[in-house]
Amino acid sequence: MKLYCGRHLLDLTSPKIMGILNTTPDSFSDGGALYEQGCLNTHAALKKAEQMLSEGAAIIDVGGESTRPGAAPVSLQQELDRVVRIVEIIAARLDVIISVDTSRPEVMRAAAEAGAGFINDVRALQWPGALEAACQLELPICLMHKQGEPSDMQINPSYRHVDREVRDFFYDSIQRCRGYGISAQRLILDPGFGFGKTDEHHLQLLKALPQFADIGCPLLVGLSRKSMIGRLLGRELSQRLPGSLGFGLVALQRGAKILRVHDVAATQDIVKVYELTC
Ligand code: 9MG
């Protein structure tokens, strides 16, 4: 399974790591790490991308909107200012696939122009104009499931059958994309851990990963350092690496092809363990 990401080819015959590069001052885990006196430090962003590439990341996911529960919305201009310059700098210096984590068509277009080769949309192309932009850009797109918006999504998530509802959402999203001429071969699916789900829902979705993989599109999962790990294992943010790795390995064994993570070097070890034992 190989996907064209602009000038790069993403070979998903073996699992790949997507390293997280947050350009937001308020993301849940590493918010503000790239800021100096209130300004985004592009040199620090490039160093971080370089480090993740050297540790084994195949994709660097650049995001300018915090989607942690309760996060405040960001304006279009703020998002463009945070993301586009960083994408440009990484694309000019590093040989790596750059993903843009956005729901805005304007940001998708500007980031692709700057060198991004992959779209990661936590709103699955549901914002006005996003489907059209994704169709024109001809890049792979990750469609993530979520219930609600970051501002309210963890207040009272409710499903009759979370696994069936997420599976139906995947089929509907694939159909919507097809209607715009986006072939399923360009799509990656993500059940959206932490996006409008309780821990019981998370565990059910982890069990359902093989069913989702059977749909035929590669699966991406983001579990790294998430609060579900904190609650399920009773761990503070700084102690969530072992849990992240454990859940990551389970996800690989159940069909995930891309792990979206903060800790690339350690995740590379579980990918190797998976490959040695599968
Ligand atoms: C941006 N972002 C934060 N968490 C995420 C997750 O679990 N999946 C994807 N695709 N993006 C995410």
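Numbers here simply count residues along the sequence, with the first being 1. None of the values given here were measured: they were computed from a predicted structure. Ligands are counted one by one from 1 in listed order, and the atoms in each one are counted from 1 as well.
- The residue from M1, K2, K16, K257 that alone fulfils the side chain to side chain contact (heavy atoms under 4.5 Å, CB included) condition with L10 is K16.
- Around atom 11 (N) of ligand 1, the closest heavy atom drawn from N120, L143, L189 belongs to N120.
- At a heavy-atom cutoff of 4.0 Å, ligand 1 is contacted by the side chain of L220 but not by its backbone.
- Taking the charged nitrogens against the carboxylate oxygens, K47 and E50 do have a contact shorter than 4.0 Å, which makes a salt bridge.
- The side chain of V122, and not its backbone, has at least one atom closer than 4.0 Å to an atom of ligand 1 (non-hydrogen atoms only; side chain from C-beta on).
- The pair R260-D61 meets the salt-bridge criterion, since a charged nitrogen lies less than 4.0 angstrom from a carboxylate oxygen.
- Note: the hydrophobic cluster containing I98 also contains M52 (ILVMFWY, side chain heavy atoms under 4.5 Å, direct or indirect links).
- The contact set between ligand 1 and D101, taken as ligand atoms under 4.0 Å from a residue heavy atom, comprises 1 (C).
- For an aromatic pair to be called close, the ring centres must be under 6.0 Å apart, and F195 with H145 fails this.
- The single protein non-hydrogen atom nearest to atom 8 (N) of ligand 1 is D190 OD2, 2.5 Å, given as residue, atom name and distance.
- Of the polar atoms of D61, none of the N or O atoms is found under 3.5 Å from an N or O of ligand 1, judged by distance alone.
- Shown in contact with M144 at under 4.0 Å from a heavy atom are these atoms of ligand 1, numbered in order with element: 6 (C), 8 (N), 9 (C).
- Taking every non-hydrogen atom of G222 and a distance limit under 4.0 Å, the qualifying atoms of ligand 1 come out as 7 (O).
- A tilted orientation is assigned to the rings of F193 and H202, their planes being inclined by 30° to 60°.
- Closest heavy-atom approach to atom 7 (O) of ligand 1 among the candidates R68, M18, K226, K146: K226.
- Between R123 and E149 there is a salt bridge, since at least one side-chain N of the basic residue sits less than 4.0 Å from a carboxylate O of the acidic one.
- Scanning all protein heavy atoms for the shortest distance to atom 3 (C) of ligand 1 gives R260 NH1, 3.2 Å.
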